[in-house]
> 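One structure, as structure tokens, below. Some questions next.
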Protein chains: 2
Amino acid sequence: MEKGYCPIDTFINFVKGKRKATIILHLKQGTKRYKELIQLLPDISDRMLSKNLKELEEAGIINRKAYAVIPPKVEYSLTDLGDEISPILKSMFKGGRLFEKQIEE
Amino acid sequence: MEKGYCPIDTFINFVKGKRKATIILHLKQGTKRYKELIQLLPDISDRMLSKNLKELEEAGIINRKAYAVIPPKVEYSLTDLGDEISPILKSMFKGGRLFEKQIEE
DNA sequence: CTGGATCCGCCACGATACTG
DNA sequence: CAGTATCGTGGCGGATCCAG
């Protein structure tokens with residue numbers, strides 16, 4: 001992941017893609033299928049969801065489990081690493097609300 | 001800041017710009033001048049630093065204090081809001097190290 | 001149902017040069 | 001010293017079509 005940057009930048013690079021963080025929080029609620037995620041994220045395209053899921057998988061944040069059945073069935077869930085970082089996302093969630101609040105003023 | 005997204009995305013949008021987060025952490029250490037920041041962030045361009053500083057100022061995260069002297073002197077410091085979110089950045093810092101660790105393996 | 005492949009527009013970012 | 005102006009570039013993200 002690039003050069004000897006600040007770890008914060010590393011973190012952001014893993015999480016910034018479109019709605020990656022939001023995906024993680026949804027998976028924190030439990031295992032989800034592809035279609036369920038699409039419905040939970042109404043403003044994301046197929047292409048972006050699959051791309052983000054693949055990147056999250058490569059980053060070791062989520063597990064991908066495909067069943068060899070017809071029609072296809074794929075389940076996504078958090079890895080241990082995903083569990084470790086989810087509290088950080090939670091605090092970012094709270095932090096984001098601080099900003100939203102001040103925008104209204 | 002776009003639509004009714006998840007607050008996490010709001011947070012990321014405020015902080016993602018190249019090395020904005022790193023700037024905040026440096027200012028957490030105390031008031032800094034423009035030139036000091038440039039030296040602390042060796043891989044950032046003038047244009048990016050001034051742009052990020054301006055955005056952070058508009059976001060209410062930092063204060064900009066210019067002195068009408070020659071040569072010019074400008075000091076940057078964190079606002080209360082900047083103080084509030086800095087612990088979140090700290091935890092992102094720790095989270096980033098988790099990723100870096102696993103990259104090596 | 002779960003994606004991959006392709007094309008394309010837009011914006012963040014980089015490098016350089018210039019100003020009060 | 002502390003920026004702004006300008007130009008060029010790469011990659012993110014959207015839309016659409018196709019495949020197993």
Side-chain angles (χ1 to χ4, degrees), chain A residues 1-6 8-24 26-27 31-59 62-77, chain B residues 1-6 8-24 26-27 31-59 62-77:
Chain A
M1 185 69 40
E2 329 209 352
K3 299 177 258 178
Y5 279 7
C6 174
I8 292 188
D9 297 309
T10 307
F11 187 88
I12 291 179
N13 282 332
F14 271 110
V15 149
K16 70 155 174 265
K18 189 59 179 172
R19 321 228 21 210
K20 239 180 260 188
T22 315
I23 294 172
I24 297 176
H26 279 303
L27 289 182
T31 298
K32 294 266 185 301
R33 298 185 55 175
Y34 185 91
K35 192 185 180 185
E36 294 179 287
L37 288 171
I38 280 284
Q39 290 165 349
L40 287 168
L41 307 167
D43 53 349
I44 197 172
S45 63
D46 261 359
R47 182 185 165 283
M48 268 303 115
L49 177 57
S50 71
K51 184 165 174 288
N52 282 336
L53 285 172
K54 180 178 288 186
E55 287 172 8
L56 287 170
E57 188 193 356
E58 288 168 358
I62 65 175
N63 288 312
R64 182 179 184 279
K65 194 160 153 192
Y67 298 86
V69 297
I70 296 189
K73 177 179 174 182
V74 183
E75 289 180 342
Y76 293 95
S77 58
Chain B
M1 188 65 44
E2 326 210 355
K3 297 178 262 179
Y5 279 7
C6 174
I8 291 187
D9 297 310
T10 306
F11 187 88
I12 291 178
N13 283 331
F14 271 109
V15 149
K16 70 157 174 269
K18 191 58 181 171
R19 321 225 24 210
K20 237 178 263 188
T22 315
I23 294 172
I24 298 176
H26 280 302
L27 288 182
T31 297
K32 294 266 185 301
R33 297 185 55 176
Y34 185 92
K35 192 186 179 184
E36 294 179 287
L37 287 171
I38 280 284
Q39 290 166 349
L40 288 168
L41 307 166
D43 53 348
I44 198 171
S45 63
D46 262 358
R47 183 185 165 283
M48 269 303 115
L49 177 57
S50 71
K51 184 166 173 287
N52 283 337
L53 286 172
K54 181 178 289 186
E55 286 172 9
L56 287 170
E57 187 193 357
E58 287 169 358
I62 66 176
N63 288 313
R64 180 180 185 279
K65 195 159 151 191
Y67 298 86
V69 297
I70 296 190
K73 177 178 174 183
V74 183
E75 289 180 342
Y76 294 95
S77 58

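By convention in this document, chain letters (A, B, ...) are assigned in the order of the sequence lines, proteins followed by strands, and residues within each chain are numbered from 1. When reading the values below, keep in mind they use all heavy atoms of this one structure, side chains included, and skip hydrogens, waters and symmetry mates.
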> May I have the distance from A:E55 (atom CD) to C:dG3 (atom P), rounded to whole angstrom?
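From A:E55 CD to C:dG3 P: 14 Å.
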
> If you go through the side-chain atoms of A:R47, does one of them form a donor-acceptor pair with the base of D:dG13 closer than 3.5 Å?
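Yes, a donor-acceptor pair under 3.5 Å.
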
> For A:R64 and C:dT2, is the shortest distance between a side-chain N/O and OP1 or OP2 below 4.0 Å?
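Checking A:R64 against C:dT2: no side-chain N or O falls below 4.0 Å of OP1 or OP2.
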
> Of the nucleotides D:dA2, C:dC1, C:dG14, which one has an atom closest to the side chain of B:M48?
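Closest nucleotide to the B:M48 side chain: C:dG14.
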
> Return whichever of B:K73 or A:N52 has its heavy-atom-nearest nucleotide of DNA chain D closer to the 5' end.
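Final value for this comparison: B:K73.
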
> Grab the CD1-P distance between B:I70 and C:dT19 for me, whole Å please.
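The distance from CD1 of B:I70 to P of C:dT19 comes to 17 Å, rounded to the nearest Å.
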
> Rounded to whole angstroms, how far apart are CG on A:L49 and P on C:dG3?
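Atom-to-atom, A:L49 to C:dG3, this comes out as 8 Å.
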
> Salt bridge (Lys or Arg N to Asp or Glu O under 4.0 Å), that's the test. Do B:K51 and B:E55 meet it? Break it down for me.
CA-CA 6 Å; B:K51 184 166 173 287; B:E55 286 172 9; 3.0 Å; yes

> Side-chain contact test, heavy atoms from C-beta onward, threshold under 4.5 Å: evaluate it for B:Y67 versus B:E75 and give yes or no.
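Yes. Closest side-chain heavy atoms under 4.5 Å.
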
> Answer yes or no: is there a side-chain heavy-atom contact under 4.5 Å between A:L41 and A:M48?
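Answer no - side chains too far apart.
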
> Rounded to whole Å, please give me the gap between CZ in B:R33 and C1' in D:dG3.
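Value for this atom pair: 13 Å.
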
> Take atom CD1 of B:I44 and atom P of D:dG3, then tell me their distance rounded to the nearest Å.
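That distance rounds to 13 Å.
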
> With sugar-phosphate meaning primed atoms plus P, OP1 and OP2, does A:S50 contact a base, only sugar-phosphate, or nothing at under 4.0 Å between heavy atoms?
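Since only primed, P, OP1 and OP2 atoms lie under 4.0 Å of A:S50, the category is sugar-phosphate.
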
> Given C:dC1, D:dC1, C:dG3, identify the nucleotide with an atom nearest to the side chain of B:P71.
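Ranking C:dC1, D:dC1, C:dG3 by closest atom to the B:P71 side chain puts D:dC1 first.
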
> If we only count heavy atoms from C-beta on, is the A:R19 to B:C6 side-chain gap below 4.5 Å?
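A:R19 vs B:C6: side chains touch.
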
> Any base atoms under 4.0 Å from B:K20, or only sugar-phosphate, or nothing? Heavy atoms, all strands.
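No contact.
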
> What integer distance in Å separates B:D43:CG from C:dC13:P?
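To the nearest whole Å, that distance equals 13 Å.
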
> When the distance from CD1 of A:I38 to P of C:dC1 is rounded to whole Å, what number comes out?
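Spelled out: CD1 on A:I38 to P on C:dC1 is 11 Å.
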
> Using a cut-off of 4.0 Å on non-hydrogen atoms, how would the nucleic acid contact of B:Y67 be classed: base, sugar-phosphate, or nothing?
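B:Y67: no heavy atom of the nucleic acid under 4.0 Å.
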
> Below the 4.0 Å mark, does C:dG4 have OP1 or OP2 next to a side-chain nitrogen or oxygen of A:K54?
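Checking A:K54 against C:dG4: at least one side-chain N or O falls below 4.0 Å of OP1 or OP2.
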
> I'd like to check B:I24 versus A:I8 (side-chain heavy atoms, cut-off strictly below 4.5 Å). Are they in contact?
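When only atoms from C-beta onward are counted, A:I8 and B:I24 do not touch, as no gap falls below 4.5 Å.
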
> Does C:dG4 have OP1 or OP2 sitting under 4.0 Å from an N or O in the side chain of A:Y34?
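Answer is no, no contact under 4.0 Å.
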
> Without decimals, in angstroms, what is the distance between A:K51 NZ and D:dT16 P?
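From A:K51 NZ to D:dT16 P: 19 Å.
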
